[in-house]
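Structure, as structure tokens:
Bear in mind the structure is a predicted one, so any value in this text is a computation, not a measurement. Because only heavy atoms are used, hydrogens play no part in the values below, and waters and symmetry mates are left out as well, while side chains stay in.
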Amino acid sequence: METLECIRTRRSIRKYADTPVTKEEIHKVIEAALHAPSWKNTQTSGYVVVMNQEKKNYIADNCVLGFGKNQKIIHSAPALIILTTKNHISGYEKDGTPTTDKNSHWESFDAGIAAQTLCLAAHDLGLGTVIMGINDDKKTAEAVNLPEGQSVSALIAIGHPASDVPSVKRKTLEEKLTII
């Protein structure tokens, strides 16, 4: 698939076919995500993939703040990717002082780049994804035994789409672009 076509046709997928996601497919998606750029090439994003149904159910039932839509998605998705970040590296100097006034916010920027790279790679392979932000980071981290010094950035459901999702209306270039 051409890059611009991949960007234009990728959709958030919330309903998945019963077809399992293979470890090979997961490896390809994560391998692509490893190429996402990051602050000073610190590569702080990490990936915990939950394919075990009991563990996914636990996360859905206990870690998404009771948000029913996320619960339903996680229960039905063949796999759940927990995007993680090493704390206080991205946006900071080696001595721990912030390099930017964004402080730890830059960690989210790097995680966002990694998430989009992952989602585009998945789409290119015929997989669907949706990035979910409504969750209890601390409970999610505990559920997957995330090491100290790392945080949960987002939950990403992944699987084979149950159906095509139509494009939504996008704002125009004139509405969104300013050239000075």
Hydrophobic cluster membership, I81 vs V21, 4.5 Å side-chain cutoff: yes

Any donor-acceptor N/O pair, E25 side chain to T22 backbone, under 3.5 Å: yes

Minimum heavy-atom distance A33-A114, with the two atoms named: CB-O, 4.2 Å

Residues S90 and D110: side-chain donor-acceptor under 3.5 angstrom: yes

Exceeds 12 heavy-atom contacts within 6.0 angstrom, atom CD of E54: no

Spacing of CD1 belonging to I156 relative to OG belonging to S12, to within rounding of 0.5 Å: 10.5 Å

Nearest atoms (heavy-atom pairs only) where P78 meets Y16: CD-CB, 3.8 Å

Pair N135-N70, side chain to side chain contact (heavy atoms under 4.5 Å, CB included): steps then yes or no: CA-CA 9 Å; N135 72 94; N70 283 1; 5.7 Å; no

ILVMFWY network linking L80 to V48, side-chain heavy atoms under 4.5 angstrom: yes

Distance-only polar pair, side chains of R10 and T129, donor-acceptor under 3.5 Å: yes

Interatomic distance, W39 atom CH2 to F109 atom CZ [nearest 0.5 angstrom]: 10.5 Å

Exam field: side chain R170 to backbone S167, donor-acceptor pair closer than 3.5 Å: no

Same apolar cluster (I L V M F W Y, side chains within < 4.5 Å links), L125/M51: yes

Any donor-acceptor pair under 3.5 Å from K56 side chain to A77 backbone: yes

Within 6.0 Å of NZ in K40, more than 12 heavy atoms from elsewhere: yes

Spacing of SG belonging to C119 relative to CD1 belonging to I158, to within rounding of 0.5 Å: 7.5 Å

Option from D137, T85, N87, T140 for which side chain to side chain donor-acceptor pair (under 3.5 Å) with S151 holds: N87

Closest approach of K55 to A143 (non-hydrogen atoms, all atoms of both residues): NZ-O, 2.7 Å

Connected via hydrophobic side-chain network under 4.5 Å: V152 and M132: yes

Heavy-atom side-chain proximity of I30 to L118 below 4.5 angstrom: yes

Gap separating the CZ atom of R8 from the NE2 atom of H123, nearest 0.5 angstrom: 12.0 Å

Side-chain donor-acceptor pair present, H160, D18, cut-off under 3.5 Å: no

Under the side-chain hydrogen bond (donor to acceptor under 3.5 Å, both in side chains) test, residues paired with K15 that sit two or more places apart: none

Shortest non-hydrogen contact from T9 toward E5: OG1-O, 2.7 Å

Cluster overlap I131 with V64, hydrophobic side-chain contacts below 4.5 Å: no

Interatomic distance, S108 atom OG to I113 atom CD1 [nearest 0.5 angstrom]: 11.0 Å

For the student: nearest non-hydrogen atoms of N62 and K139, plus distance: O-CD, 3.4 Å

Atom pair NZ (K138) and SG (C63), whose distance is rounded to the nearest 0.5 Å: 13.0 Å

E93, CD atom: more than 12 neighbouring heavy atoms under 6.0 Å: yes

More than 12 heavy atoms from other groups under 6.0 Å of CD on E2: no

OH (Y47) with more than 12 external heavy atoms under 6.0 Å: yes

Qualifying residue for side-chain contact (heavy atoms from CB on, under 4.5 Å) with L127, from T19, I13, V29: V29

Exam field: side chain Q53 to backbone H75, donor-acceptor pair closer than 3.5 Å: yes

Side-chain touch V144/I59, heavy atoms, less than 4.5 angstrom: yes

